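Below, read A as the first sequence line, B as the second, and so on, with proteins coming before strands; counting in each chain starts at 1. Remember, it's a predicted structure, so these values are computed and weren't measured experimentally.
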Amino acid sequence: MELYGPRGWWPVVTDAGNQGHDAKGYHPLDYSIPATAHRRFEIALGAILTQNTAWRNVRLCLESLDEAGAIDMQRLLALSDERLEALIRSSGYYRQKARKLKTLARFFLENGYGEVSAASTPSREELLSLWGIGEETADSILLYAFGVPVLVIDAYTRRILARLKGEELSDREIRDYLSSATEGKAVKQQRRILNEFHALFVEHGKTRCAKRSPDCDHCGIKAWCKGPF
DNA sequence: TCCCAGGGGCCGA
DNA sequence: TCGGCCCATGGG
């Protein structure tokens with residue numbers, strides 16, 4: 001946080017999803033649970049679209065979907081598969097992802113999870129049971145769309161910790177290793193910490209701890225790292 | 001031209 | 001459980 005400042009994730013792309021904020025994009029220091037169904041659904045769609053995909057390619061899809069009025073469960077389900085695939089083409093894997101988005105929309109709709117007023121939250125097991133939603137996507141949706149205090153572990157998290165400690169850690173070990181940061185804290189605090197944890201791992205992974213040629217010369221946590229340098 | 005990106009499903013050891 | 005393969009576009 002000292003190195004990069006608060007990220008204020010999840011990045012919101014559309015105007016309708018960004019109510020109460022002046023600009024699109026990040027919303028620093030706002031760790032509130034999404035206040036609109038549009039925003040909640042946009043976050044969940046983005047979590048699927050960004051699977052193994054650069055965010056800049058996802059952003060285009062979310063803007064296209066918004067223009068088509070499809071950041072809405074019923075309206076997304078009303079689209080033909082071909083139309084939906086065309087709208088999300090730039091995120092790659094577009095046939096699979098079109099199916100995943102509809103699966104999610106159907107699930108939200110049938111259980112009322114898309115309605116912010118209902119204040120009901122899906123369980124992790126429910127999300128994992130859906131076709132196309134694995135651990136990272138489930139945890140991202142829980143944390144950023146519903147405010148559930150869970151740690152999101154992604155490729156950046158694993159790579160950065162592996163380099164810091166000089167050995168690969170299992171996800172279980174990563175959870176144990178980072179658990180002291182949230183232990184004994186109020187849920188609201190945990191939500192803020194976990195929100196930033198994932199966002200900062202992504203920031204550090206993109207700007208410094210790249211897979212191929214990490215920029216160790218400008219790395220602010222080099223002193224604690226076992227390499228590579 | 002090749003590598004990489006905020007994964008996940010599926011299959012055979 | 002675990003490795004390998006597939007899905008697919010776009011930028012460096």
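In this structure, of B:dG7, B:dA5, C:dT9, it is B:dG7 that holds the atom nearest to the side chain of A:Lys100. Taking every side-chain heavy atom of A:Lys211 into account, B:dC4 is the closest of C:dG10, B:dC4, C:dA8. Of all nucleotides listed (C:dA8, B:dA5, B:dG7), C:dA8 comes nearest to the side chain of A:Arg95.
A straight line from CG of A:Asn52 to P of B:dG9 spans 13 Å, rounded to a whole angstrom. Here the P atom of nucleotide B:dA5 and the CG atom of A:Leu60 are 19 Å apart, to the nearest Å. Rounded to an integer number of Å, the gap from A:Arg158 CZ to B:dG7 C1' is 9 Å. Atoms CD (A:Glu135) and P (B:dG8) sit 8 Å apart, rounded to a whole Å. If you take CH2 of A:Trp55 and C1' of C:dG10, they are 16 Å apart, rounded to a whole angstrom. In this structure, A:Gln51 places its CD atom 16 Å from P of C:dC7, rounding to the nearest Å. Computed from coordinates, the A:Tyr93 OH to B:dA5 C1' distance equals 8 Å when rounded to whole Å. Counting to the nearest Å, the P atom of C:dC2 and the CZ atom of A:Arg172 are 15 Å from each other.
Note on ring orientation: taking the six-membered ring where Trp is involved, the planes of A:Phe41 and A:Phe108 are tilted (angle from 30° to 60°).
Distances shown here put a side-chain N or O of A:Thr137 below 4.0 Å from the OP1 or OP2 atom of B:dG8. Side-chain nitrogen and oxygen atoms of A:Arg212 include none within less than 4.0 Å of the OP1 or OP2 phosphate oxygen of B:dC3. Side-chain nitrogen and oxygen atoms of A:Arg89 include none within less than 4.0 Å of the OP1 or OP2 phosphate oxygen of C:dC7.
Atom NZ of A:Lys222 is surrounded by more than 12 heavy atoms from other residues, nucleotides or ligands within 6.0 Å. When the shell of 6.0 Å around CZ of A:Arg75 is examined, it contains 12 or fewer heavy atoms from other residues, nucleotides or ligands. More than 12 heavy atoms of other residues, nucleotides or ligands shown are found within 6.0 angstrom of CD on A:Gln189.
Contacts with DNA chain B (heavy atom under 4.0 Å) in residues 189-210 of chain A: A:His198, A:Val202, A:Lys206, listed by number.
Residue A:Ile133 is in sugar-phosphate contact alone, with no base atom involved, counting any heavy-atom pair closer than 4.0 Å across all strands shown. Residue A:Gly92 is in base contact, counting any heavy-atom pair closer than 4.0 Å across all strands shown. If you check every strand for non-hydrogen atoms under 4.0 Å, A:Ile88 touches nothing. Within 4.0 Å of A:Gln96, counting heavy atoms only, lies at least one base atom of the nucleic acid. Across all strands, A:Tyr94 comes closer than 4.0 Å only to sugar-phosphate atoms, never to a base (heavy-atom distances). Counting any heavy atom pair closer than 4.0 Å across all strands shown, A:Asp154 reaches sugar-phosphate atoms only and no base atom.
Using a 4.0 Å cut-off between charged nitrogen and carboxylate oxygen, A:Glu203 and A:Arg7 count as a salt-bridge pair.
Side-chain heavy atoms closer than 4.5 Å link hydrophobic residues (I, L, V, M, F, W, Y) into clusters, and following such links, possibly through other members, connects A:Val150 to A:Tyr177.
Residue A:Asp81 forms a salt bridge (charged side-chain N to carboxylate O under 4.0 Å, His left out) with just one option from A:Arg99, A:Arg95, A:Lys100, A:Lys102, and that option is A:Lys102.
When the nearest nucleotides of DNA chain B are assigned to A:Arg99 and A:Ala54 by heavy-atom distance, the more 5′-ward of the two goes with A:Ala54. Annotation: of the two residues near DNA chain C, A:Ser91 and A:Arg56, the 5′-most nearest-nucleotide partner is A:Ser91.
Judged purely by distance below 3.5 Å, without hydrogens or angles, the side chains of A:His38 and A:Asp66 pair a donor atom with an acceptor atom. No hydrogens or angles considered: nothing links the side chains of A:Thr14 and A:Glu63 as a donor-acceptor pair under 3.5 Å. Side-chain atoms of A:Asp154 and A:Thr157 include a donor-acceptor pair closer than 3.5 Å.
For the pair A:Thr182 (side chain) and A:Ser179 (backbone), a donor-acceptor distance under 3.5 Å is present.
A distance of about 14 Å separates the P atoms of B:dC10 and C:dA8, rounded to the whole Å.
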Item checked: Watson-Crick or G-U pairs under 3.5 Å in DNA chain C, rendered as dot-bracket with [ ] for crossing pairs and | for another strand -> |||||||.||||
